[in-house]
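Notes follow once the structure below has been shown.
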Amino acid sequence: VAVGESPAELLAAHQLLEFDEKATSYPSARLKKVIGAACAGWWDANVVVDRSVVTSQGPGTAMACALKLVELLFGAQKARGGA
């Protein structure tokens, strides 16, 4: 899981993204370029899940990212608040 600038600063910079994986990050021109060069490109979405990598744009998308993690770990019903 990487949020904000970390998808670009950590995952992309250290070649931890595959060339055909999608990712998102904080939407700055510099970070979009870094991610675009490292994988299938920067995607304009709050949360992007590709294989075992979950990326999110920043603090404003933290709840969406958390709910996506709950969904991935425990199922969609649990993420929607079901028992």
Side-chain angles (χ1 to χ4, degrees):
V1 176
V3 179
E5 292 186 13
S6 63
E9 298 295 341
L10 297 175
L11 299 180
H14 295 284
Q15 301 172 346
L16 298 173
L17 294 170
E18 299 292 329
F19 74 95
D20 60 342
E21 282 184 308
K22 300 177 285 189
T24 193
S25 70
Y26 183 80
S28 75
R30 182 182 70 79
L31 297 175
K32 289 178 185 181
K33 184 177 179 181
V34 170
I35 287 181
C39 63
W42 184 88
W43 292 79
D44 188 13
N46 288 340
V47 180
V48 173
V49 178
D50 199 339
R51 298 185 188 116
S52 62
V53 177
V54 179
T55 55
S56 183
Q57 290 186 345
T61 62
M63 183 59 77
C65 185
L67 289 172
K68 180 54 76 175
L69 291 174
V70 170
E71 179 183 332
L72 292 170
L73 294 170
F74 303 107
Q77 183 178 0
K78 193 64 116 174
R80 290 190 303 269

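Counting from 1, the numbers follow the sequence of the chain as shown.
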Side chain to side chain, Cys39 and Phe19, heavy atoms closer than 4.5 Å: no
Hydrophobic cluster identity match, Val48 and Val1, side-chain contacts under 4.5 Å: no
With sequence neighbours excluded, residues passing side-chain hydrogen bond (donor to acceptor under 3.5 Å, both in side chains) with Arg51: Asp20
Side chain to side chain donor-acceptor pair (under 3.5 Å) pairs, two or more places apart, involving residues 5-19: Glu9-Arg30
Shared hydrophobic cluster, Leu73 / Val70 (ILVMFWY, side-chain heavy atoms < 4.5 Å): yes
Common cluster, Leu11/Leu31, ILVMFWY with side-chain heavy-atom separation under 4.5 Å: no
Kindly list each side-chain donor-acceptor pair under 3.5 angstrom involving residues 53-60, sequence neighbours excluded, with atom names and distances?
{"residue": "Thr55", "atom": "OG1", "partner": "Thr24", "partner atom": "N", "Å": "2.9"}
{"residue": "Ser56", "atom": "OG", "partner": "Asn46", "partner atom": "O", "Å": "3.0"}
{"residue": "Ser56", "atom": "OG", "partner": "Thr61", "partner atom": "OG1", "Å": "2.5"}
{"residue": "Gln57", "atom": "NE2", "partner": "Thr24", "partner atom": "OG1", "Å": "3.2"}
{"residue": "Gln57", "atom": "NE2", "partner": "Asp44", "partner atom": "OD1", "Å": "3.4"}
{"residue": "Gln57", "atom": "NE2", "partner": "Ala45", "partner atom": "O", "Å": "3.2"}

Distance, nearest 0.5 Å, that separates CH2 of Trp42 from OG of Ser28: 9.0 Å
ILVMFWY network linking Trp43 to Val47, side-chain heavy atoms under 4.5 angstrom: no
Connected via hydrophobic side-chain network under 4.5 Å: Val49 and Leu17: no
Which atom of Val34 lies closest to which atom of Ala12, heavy atoms considered: CG1-CB, 3.8 Å
